[in-house]
Amino acid sequence: MTGQGFPGKLPNAYMTAGTSSFSEFLMQVAPEMLPGRRPLPPGDFASVSAHATTIVALRTAEGVVMAGDRRATMGNYISSRDIEKVFPADGYSLVGIAGTAGLGIELVKLYQLELEHYEKIEGAPLTLNGKANRLATMLRGNLGIALQGLAVVPLFAGFDVDAPSIPEAGKIYSFDVVGGIYAERDYDSIGSGSIFAKSSLKKRYHRDISTDDAVKIAVESLYDAADDDSATGGPDPTRDLYPVVMTATAEGSKRIDEAVVADVARAVIAARTENPYG
């Protein structure tokens with residue numbers, strides 16, 4: 001007898017060992033729950049949803065630092081001043097999102113579950129490169145809605161526990177909307193303010209940078225992005241809102257305390273008050 005005949009009992013598909021990919025499992029049993037599988041009428045829907053903007057990531061001597069501003073926009077309207085766009089993907093990796101905010105946050109939650117599910121089924125976590133490839137595969141499943149204006153572009157970074165040495169462990173991966181994956185050397189940025197953030201990072205970054213210095217440079221690069229890109233939010237001492245900054249090192253992934261980020265942001269603001277163009 002099948003489980004479907006008993007109210008309250010899970011179908012047999014949920015009780016049978018299968019794929020180690022949760023998104024593939026979901027495609028088999030409930031495809032309508034996947035963001036990219038939801039039917040949409042013809043048209044472009046980019047203007048009907050909030051968009052997340054600028055994310056930066058840097059390699060350090062201890063791993064990686066990732067930071068994101070707090071603004072979401074809908075056209076020329078600021079739809080949120082305190083959105084969070086940087087998240088732990090698992091114990092040693094981070095993911096940030098730009099593009100359609102609601103779908104991006106949903107994608108991150110699904111991706112976190114994807115990595116957890118794989119580890120439970122296989123008894124071991126994916127390699128860092130495997131995690132990046134799995135995220136690329138999930139992006140390809142969203143291609144249809146991306147072409148209708150609901151695109152999500154992530155930035156992925158982490159500490160590679162299989163690296164031969166700690167200075168080589170920090171890695172950064174960027175993606176495009178069709179699921180293309182690219183390994184970045186030292187730093188990268190995504191979102192509408194990325195061109196300005198990268199220009200800032202280019203001047204400040206150096207290899208073997210410490211985590212503390214990378215946090216300062218990341219916050220400064222977001223300040224520079226906000227200075228030239230209206231969709232990127234700068235530090236907001238009036239509302240006590242500052243960038244979300246996270247690290248992934250040999251100690252795992254963690255969020256930098258907001259009070260520490262606030263002190264860094266205030267120092268950047270003070271320096272720019274004295275020299276607005278420096």
Side-chain angles (χ1 to χ4, degrees), residues 20-21 54-68 85-99 104 107-108 110-116 118-119 122 124-140 152-191 194 197-198 200-202 204-219 221-222 243-256:
S20 58
S21 169
T54 311
I55 308 292
V56 298
L58 305 79
R59 290 185 63 209
T60 74
E62 295 94 20
V64 293
V65 168
M66 183 178 288
K85 316 168 193 176
V86 178
F87 308 89
D90 68 358
Y92 289 94
S93 61
L94 312 169
V95 60
I97 54 107
L107 178 69
V108 167
L110 183 60
Y111 182 55
Q112 291 169 330
L113 188 55
E114 177 86 1
L115 298 183
E116 183 180 351
Y118 180 93
E119 186 169 350
E122 299 294 337
L126 278 163
T127 64
L128 192 66
N129 190 56
K131 296 172 189 176
N133 284 324
R134 190 59 63 95
L135 182 54
T137 300
M138 293 175 65
L139 279 178
R140 293 184 195 110
V152 176
V153 179
L155 188 61
F156 178 74
F159 182 89
D160 187 356
V161 296
D162 299 315
S165 65
I166 289 181
E168 300 173 84
K171 296 180 180 178
I172 300 169
Y173 299 86
S174 63
F175 306 82
D176 57 32
V177 294
V178 299
I181 180 172
Y182 312 95
E184 304 295 339
R185 288 179 62 110
D186 298 313
Y187 59 83
D188 197 30
S189 178
I190 59 171
S194 61
K198 283 183 181 179
S200 180
L201 292 172
K202 184 184 294 186
R204 304 291 186 182
Y205 181 83
H206 61 85
R207 290 183 176 172
D208 301 322
I209 189 173
S210 70
T211 297
D212 289 343
D213 286 344
V215 170
K216 297 174 184 177
I217 291 174
V219 172
S221 71
L222 291 174
V244 173
V245 185
M246 299 197 71
T247 64
T249 66
E251 298 176 358
S253 56
K254 69 175 184 178
R255 179 168 175 167
I256 300 296

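Between Thr247 and Phe159, the closest side-chain pair of non-hydrogen atoms is not below 4.5 Å. Using a 4.5 Å heavy-atom threshold, the side chains of Arg59 and Tyr205 count as touching. Side-chain contact between Leu139 and Leu107: present, with at least one pair of heavy atoms (C-beta onward) separated by less than 4.5 Å. In this structure, Asn133 and Tyr173 have side chains that are not in contact, with every pair of non-hydrogen atoms separated by 4.5 Å or more. Contact check for Val245 versus Val86: no side-chain heavy atoms found under the 4.5 Å cut-off. Side chains of Val244 and Phe87 form no contact here, defined as non-hydrogen atoms less than 4.5 Å apart. Between Leu126 and Leu115 the shortest side-chain heavy-atom distance falls below 4.5 Å. Considering only heavy atoms from C-beta on, Val153 stays 4.5 Å or farther from Asp176 through its side chain.
When all heavy atoms of Asp186 and Ile172 are compared, the closest pair comes out as O-CD1, 3.7 Å. For the residue pair Pro243 and Leu222, the shortest heavy atom distance occurs at CB-CD1, 3.7 Å. Taking each heavy atom of Ala197 and Ser189 in turn, the nearest pair found is CB-OG, 3.6 Å. Counting all heavy atoms, side chain and backbone alike, Thr60 lies closest to Ala214 at CG2-CB, 3.5 Å. Contact record, Val56 with Ala218: CG2-CB, 3.9 Å, taken as the closest heavy-atom pair. Contact between Asp213 and Ser210 at its shortest, heavy atoms only, is N-OG, 3.2 Å.
Of the possible donor and acceptor atoms, one in the side chain of Gln112 sits under 3.5 Å from a partner among the backbone N and O of Pro88. Not a single donor-acceptor pair under 3.5 Å links the side chain of Ser93 to the backbone N or O of Ala157. At least one donor-acceptor pair under 3.5 Å links the side chain of Ser194 to the backbone N or O of Gly191. With hydrogens and angles ignored, the 3.5 Å screen pairs a side-chain donor or acceptor of Ser253 with a backbone N or O of Asp90. Side-chain N or O atoms of Tyr111 include one that pairs as donor or acceptor with a backbone N or O of Lys131 at under 3.5 Å.
When each of Lys198, Lys171, Lys202 is paired with Asp188, the salt bridge (charged side-chain N to carboxylate O under 4.0 Å, His left out) condition holds for Lys198 and for no other.
Distance NE2/His206 to CG/Leu58: 10.5 Å, rounded to 0.5 Å. In this structure, the separation between OG1 on Thr211 and CD on Glu251 is 9.0 Å, given to the nearest 0.5 Å. In this structure, the separation between CZ on Arg134 and CZ on Phe156 is 12.0 Å, given to the nearest 0.5 Å.
More than 12 heavy atoms of other residues, nucleotides or ligands lie within 6.0 Å of CD1 in Ile181, so this atom counts as buried by the packing criterion.
Glu62 and Thr249 share no donor-acceptor pair across their side chains, judged by distance under 3.5 Å alone.
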Practice task
Might you work through the side-chain contact (heavy atoms from CB on, under 4.5 Å) test for Asp162 and Leu128, ending with a clear yes or no?
Solution key: CA-CA 8 Å; Asp162 299 315; Leu128 192 66; over 6 Å; no
